[in-house]
Protein chains: 2
Amino acid sequence: MSTDALANPDLTAIFDAVEFRDAYRISYITNAILVPSYDAIKRDFGLIRAEYLLLLCLAHYPVLSAKDVAKMTRRPRNSISRAVHRMLAVGYIQRAPDPDDGRQAKLTITPDGRTLHTQIAEVLRARQQTVFEPLNDSERTALDALLTKLAVHASTLDT
Amino acid sequence: MSTDALANPDLTAIFDAVEFRDAYRISYITNAILVPSYDAIKRDFGLIRAEYLLLLCLAHYPVLSAKDVAKMTRRPRNSISRAVHRMLAVGYIQRAPDPDDGRQAKLTITPDGRTLHTQIAEVLRARQQTVFEPLNDSERTALDALLTKLAVHASTLDT
DNA sequence: CAGAACATGTTCCATTTGGAACAATACTGC
DNA sequence: GCAGTATTGTTCCAAATGGAACATGTTCTG
């Protein structure tokens with residue numbers, strides 16, 4: 001086996017060279033969690049990303065509109081619209097017209113949907129554990145505080 | 001205007017309720033950086049995600065194979081293959097056969113490609129700055145150390 | 001060395017995605 | 001109240017995506 005640069009470049013050197021250092025790291029870590037998780041969710045439960053995001057949102061709010069889900073997940077409205085129709089068809093969510101606004105509909109999760117969400121959340125929780133394994137308790141506490149601050153700030157951007 | 005839950009639910013409440021707390025936060029922050037950035041990159045420079053990721057990798061290594069880029073970016077090989085062909089066609093990268101291995105090709109960035117990368121990196125750097133704005137210097141230092149540790153660990157997973 | 005197993009990159013094709021136009025409803029300013 | 005504007009959700013269509021099979025080349029095993 002040859003040992004020149006092409007054969008085995010150090011593929012982590014970019015961590016120190018990239019122009020947007022922390023954005024690159026954050027994105028890399030996100031991919032390490034989500035790519036294998038979403039592969040497993042599609043394989044084991046047959047849900048695509050927008051469908052699971054919809055279920056996730058509804059699992060944590062009593063009622064939401066499709067617009068709310070689109071805003072929370074930063075996905076286009078039509079992707080959410082399709083996910084709503086598929087999740088309705090398989091009985092994981094329910095929809096009722098909003099008496100106060102004829103444009104919107106009130107979406108809620110069903111017991112079946114909640115059961116599925118619980119199983120899927122476990123996939124993500126387990127993968128999170130694997131990726132976060134090197135951090136000790138105080139590091140986790142510190143990271144959590146920093147991420148919370150950033151996430152809350154990010155939620156105010158692009159209204 | 002009505003003030004019931006559907007009208008204006010607090011869309012950040014999920015931050016505290018979600019089963020994979022830090023994974024959710026990290027993913028949310030990543031989206032807040034990358035979604036607007038990639039929209040701008042497509043609009044202003046006409047590059048899709050795999051194409052820019054290819055350019056980004058080649059901007060930081062003298063030579064890489066398509067396989068290396070796929071591994072670094074966790075994208076399927078065929079997406080990278082397509083990106084290589086398009087970036088070759090527009091002159092942002094070059095390709096040479098690897099004399100040591102007939103299956104691989106050595107990819108390098110061209111001066112034009114590097115110029116474009118510099119412009120695109122600035123888009124991402126600026127958006128990173130916006131999202132990270134609430135952190136002070138010591139918080140940034142702490143976050144950087146934690147993210148580095150996680151990213152290096154993640155790079156060893158799923159070899 | 002021959003054959004099997006593996007690695008790399010490409011093509012094919014079905015699925016997923018998202019922009020744009022649209023229909024229906026609600027809001028705004030006069 | 002009415003005309004114009006904005007919002008919500010849907011449909012249409014073109015583009016992006018990724019799994020699987022394939023072609024070519026390399027490595028392993030006996």
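Within every chain, numbering begins at 1; the chains are lettered A, B, ... in the order of the sequence lines, protein sequences first and strands thereafter.
- A distance of 12.5 Å separates OG1 in B/T110 from NE2 in B/H117, rounded to the nearest 0.5 Å.
- Hydrophobic clustering of Ile, Leu, Val, Met, Phe, Trp and Tyr side chains at less than 4.5 Å, counting indirect connections, unites B/Y52 with B/F45.
- A donor and an acceptor atom sit less than 3.5 Å apart, one in the side chain of A/R103 and one in the base of D/dT7.
- The CG-P distance, from B/D98 to D/dT27, rounds to 10 Å in whole Å.
- Put simply, B/R86 has a side-chain N or O that comes within less than 4.0 Å of OP1 or OP2 on D/dA16.
- Using bins of under 30°, 30° to 60° and over 60° for the plane-to-plane angle, the ring pair A/Y24/A/Y28 lands in the parallel bin.
- For A/D101, whose side chain is taken as the heavy atoms from C-beta onward, the closest listed nucleotide among D/dT11, C/dA26, D/dG18 is C/dA26.
- At D/dG18, one or more side-chain N or O atoms of B/S79 fall inside 4.0 Å of OP1 or OP2 (strictly under the cut-off).
- The OH-C1' distance, from A/Y38 to C/dT15, rounds to 18 Å in whole Å.
- Distance CG (A/L107) to C1' (D/dT8): 12 Å, rounded to an integer number of Å.
- Taking only side-chain atoms of B/R49, from C-beta outward, the nucleotide of D/dT17, C/dG9, D/dT8 with the closest atom is D/dT17.
- Protein atom CD1 of B/I48 is 10 Å distant from nucleotide atom P of D/dG18, rounded to whole Å.
- Distances from the side chain of A/K42 to the nucleotides C/dT25, C/dT16, C/dT8 place C/dT16 closest.
- If you take CZ of A/R75 and P of D/dT8, they are 19 Å apart, rounded to a whole angstrom.
- One can place NE2 of A/H85 at 16 Å from C1' of C/dT16, the figure rounded to the nearest angstrom.
- Checked against C/dT10, D/dT8, C/dT16, the side chain of B/R77 finds its nearest nucleotide in C/dT10.
- B/I14 and A/L147 fall within the same hydrophobic cluster, where Ile, Leu, Val, Met, Phe, Trp and Tyr residues are linked whenever their side-chain heavy atoms come under 4.5 Å apart, directly or through other members.
- Between the side chain of A/R82 and the base of D/dG9, no donor-acceptor pair of N or O atoms lies under 3.5 Å.
- In the set C/dG9, D/dT8, C/dT17, the nucleotide with an atom closest to the side chain of B/Q104 is C/dG9.
- Side-chain to base pairing of A/R95 with D/dG9: no donor and acceptor N or O lie closer than 3.5 Å to each other.
- Between B/I80 and A/A50, the residue anchored nearer the 5' end of DNA chain C, judged by the nucleotide with its closest heavy atom, is B/I80.
- Between the CG atom of B/L88 and the C1' atom of C/dT10 there is a distance of 13 Å, given to the nearest Å.
- Taking side-chain N and O atoms only, A/S81 has no distance below 4.0 Å to OP1 or OP2 of D/dG9.
- We find that CG of A/N78 is positioned 11 Å from P of C/dA20, with the value rounded to whole Å.
- Distance alone, capped at 3.5 Å, places no donor-acceptor pair between the B/S27 side chain and the B/A23 backbone.
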